[in-house]
Structures are given as structure tokens and as C-alpha cells.
Protein chains: 2
Amino acid sequence: MLLSILRGGKRRFRELSREAEISPRILSKELQELEMNGLVSRTVCDTKPVTVEYALTPYSETLSDVLNAMNKWGQQHRKRILKES
Amino acid sequence: MLLSILRGGKRRFRELSREAEISPRILSKELQELEMNGLVSRTVCDTKPVTVEYALTPYSETLSDVLNAMNKWGQQHRKRILKES
DNA sequence: CAGGATCCTACCGGATACTG
DNA sequence: CAGTATCCGGTAGGATCCTG
């Protein structure tokens with residue numbers, strides 16, 4: 001989810017929390033993991049109240065096939081589910 | 001994991017349990033879910049001690065792009081990890 | 001062999017409060 | 001705002017026993 005969202009561009013911590021509907025606590029963990037795996041970059045901006053931006057790394061592009069395939073399938077599968085009921 | 005294994009052909013309950021290293025309890029749940037989602041078929045064979053075969057359904061083929069992409073990435077990523085350390 | 005029923009524990013994630 | 005620390009209930013999953 002986070003990767004998919006970030007494919008739309010940089011996001012700040014709070015934005016990710018809202019968009020992904022993930023609590024700060026968990027989001028923090030997830031982002032640390034993604035960072036450790038070299039998939040996401042963390043940048044601290046020295047603004048009045050500090051803000052932090054997360055973005056995809058070049059390496060994360062190696063996942064594009066996976067992400068694209070998953071998104072595509074998700075859409076199709078959802079349609080199928082709706083038609084069933 | 002289960003889907004990837006089943007791509008190699010039908011498997012019996014016990015085989016899946018061993019290959020995927022999933023306990024019977026959980027495997028049972030997982031397979032029921034996969035069946036409910038129309039991704040896996042369950043066939044009871046009337047052998048001496050009953051055996052049950054699980055196989056991919058035609059619909060599961062819609063996931064091939066996803067599975068292929070994931071497997072491919074997994075291999076690449078693993079290599080990368082090894083080189084790092 | 002396939003797989004359900006139970007019991008029990010470890011961990012997961014939510015809610016809340018707090019700091020820089 | 002970003003993020004950590006704490007407390008705490010729900011649950012996923014292991015281990016074990018049992019049946020068809």
C-alpha cells in the first residue's frame with residue numbers, strides 16, 4: 001500500500017498515515033523497514049515544525065512490474081467480485 | 001507461497017504442509033480461503049486412506065503476471081542482499 | 001491421510017500521552 | 001508535525017489430541 005501511494009509522489013508522514021489509514025505507530029515501523037530494504041528514502045526538511053518527506057528510491061523501481069501486476073489484478077478481481085453478488 | 005507451489009502441479013494436503021512449511025491448522029484455513037476466492041480447487045480422492053488433491057483453477061491464471069513478477073523480483077532481490085553482506 | 005476442536009501464548013496493532 | 005514509549009485487548013498460529 002505505502003509503495004503504491006508513494007508511486008504518486010513524495011508524501012509526508014502525516015499524509016501517508018491518512019492516505020494509507022495506518023496509525024503513526026505502525027507507519028513508523030513500516031517506513032523504517034522499507035528504508036532498511038532500500039525501497040524508500042527519508043528526508044528531513046527543516047521547516048518551522050519539522051516535516052519529513054518519504055519518497056521511492058531508484059531501487060524501488062525494480063518493483064514496478066510487481067506493483068503494476070498487483071494493481072491491475074486488484075481492479076479486475078474487484079469487478080469480478082461485484083458481478084458475483 | 002501456496003499458489004506458487006501449486007503452479008508446479010497438484011499437491012496433496014500433506015505435501016503442501018511440508019513444502020510450504022505451514023502447520024495443518026493454518027494450511028486448512030488458507031486453502032479454504034483460496035477455494036472461496038476461486039483460486040484453488042479441492043478434490044477428494046477415494047483411496048484407502050482418503051487423500052485430497054489441491055490444484056489451481058483456470059481463474060488463478062489471472063494471477064500469473066503477479067506471481068511471475070514476484071518470483072522474478074524475489075530472486076533478484078535475494079542476490080542483491082547476499083552481495084551487500 | 002485430511003482436517004476440525006481446544007488450549008494457550010506471543011505478538012500485533014490500537015489508543016493515549018509525551019517530546020523535540 | 002514526526003515519532004517514540006507505554007499500556008492493553010484481540011487474535012494468529014503453535015502444539016496436541018481426536019475422528020472419519
Side-chain angles (χ1 to χ4, degrees), chain A residues 1-60 63 66-67 70-71 73-74 77-78 81, chain B residues 1-60 63 66-67 70-71 73-74 77-78 81:
Chain A
M1 274 305 303
L2 294 177
L3 292 176
S4 282
I5 292 176
L6 286 175
R7 289 181 94 193
K10 298 172 180 291
R11 296 297 151 93
R12 292 185 324 194
F13 189 84
R14 207 63 190 345
E15 296 176 327
L16 282 173
S17 182
R18 267 194 291 265
E19 289 185 54
E21 292 182 23
I22 293 179
S23 70
R25 209 178 80 88
I26 302 307
L27 179 58
S28 176
K29 272 194 224 168
E30 298 295 325
L31 288 172
Q32 281 175 31
E33 257 184 77
L34 289 170
E35 208 188 335
M36 288 190 353
N37 285 306
L39 295 170
V40 163
S41 67
R42 195 188 104 111
T43 312
V44 180
C45 313
D46 56 338
T47 49
K48 317 59 177 338
V50 182
T51 58
V52 179
E53 286 186 344
Y54 290 90
L56 295 183
T57 62
Y59 181 60
S60 77
L63 271 174
V66 175
L67 263 20
M70 287 182 74
N71 284 329
W73 188 80
H77 191 59
R78 223 154 283 178
I81 298 299
Chain B
M1 274 306 304
L2 294 177
L3 291 176
S4 280
I5 293 176
L6 286 175
R7 289 181 96 194
K10 299 171 180 289
R11 295 297 150 94
R12 290 184 325 192
F13 188 85
R14 208 63 192 341
E15 296 176 327
L16 282 174
S17 183
R18 266 193 292 264
E19 289 185 52
E21 292 181 25
I22 293 179
S23 70
R25 208 178 82 87
I26 303 306
L27 178 58
S28 177
K29 273 194 224 169
E30 298 295 326
L31 288 172
Q32 280 173 33
E33 258 184 76
L34 289 170
E35 209 188 335
M36 288 189 354
N37 285 306
L39 295 170
V40 162
S41 66
R42 195 188 104 112
T43 313
V44 180
C45 312
D46 57 339
T47 48
K48 316 58 176 342
V50 181
T51 60
V52 180
E53 285 186 347
Y54 289 90
L56 295 183
T57 61
Y59 180 60
S60 76
L63 271 174
V66 175
L67 264 20
M70 288 180 74
N71 284 329
W73 188 81
H77 192 58
R78 221 154 286 178
I81 298 299

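Keep in mind that this is a model prediction, so the values were computed, not measured. Here is the naming used below: chain letters follow the sequence lines, and residue numbers restart at 1 for every chain.
Separating the CD1 atom of A:Ile22 from the P atom of D:dA2 is a distance of 15 Å, rounded to the nearest angstrom. As rounded to whole Å, 13 Å separates atom C1' of C:dA2 from atom CD of B:Glu35. Note: CZ (A:Arg12) to P (D:dA2) measures 5 Å, nearest angstrom. The interatomic distance linking A:Ile26 (CD1) with C:dA15 (P) rounds to 11 Å, in whole Å. To the nearest angstrom, P of C:dC1 lies 7 Å from CZ of B:Arg18. We find that NZ of A:Lys48 is positioned 14 Å from P of D:dC1, with the value rounded to whole Å. Straight-line distance from the CD atom of B:Glu30 to the P atom of C:dA2: 17 Å, rounded to whole Å. In this structure, A:Leu27 places its CG atom 15 Å from P of C:dA15, rounding to the nearest Å.
For the OP1/OP2 pair of D:dA2 and a distance below 4.0 Å, the side-chain nitrogens and oxygens of A:Thr51 include no atom meeting the criterion. In terms of phosphate contacts, A:Ser23 brings a side-chain nitrogen or oxygen within less than 4.0 Å of OP1 or OP2 of C:dG14. The phosphate of D:dG14 (OP1 or OP2) has no side-chain N or O of B:Arg25 nearer than 4.0 angstrom.
Residue B:Gln32 is in sugar-phosphate contact alone, with no base atom involved, counting any heavy-atom pair closer than 4.0 Å across all strands shown.
When the nearest nucleotides of DNA chain D are assigned to A:Val52 and B:Lys29 by heavy-atom distance, the more 5′-ward of the two goes with A:Val52. Along DNA chain C, the nucleotide closest to A:Glu21 and the one closest to B:Pro24 are compared, and the more 5′ of them pairs with B:Pro24.
Between B:Val40 and B:Leu56 the shortest side-chain heavy-atom distance falls below 4.5 Å. Looking at heavy atoms from C-beta onward, B:Leu31 lies in side-chain contact with B:Leu16 at the 4.5 angstrom threshold. Side-chain contact between A:Leu39 and A:Leu6 is absent, with no heavy-atom pair separated by less than 4.5 Å. B:Arg7 places a side-chain heavy atom less than 4.5 Å from the side chain of B:Asn71. Counting only heavy atoms from C-beta outward, the side chains of A:Thr57 and A:Ser60 approach each other to under 4.5 Å.
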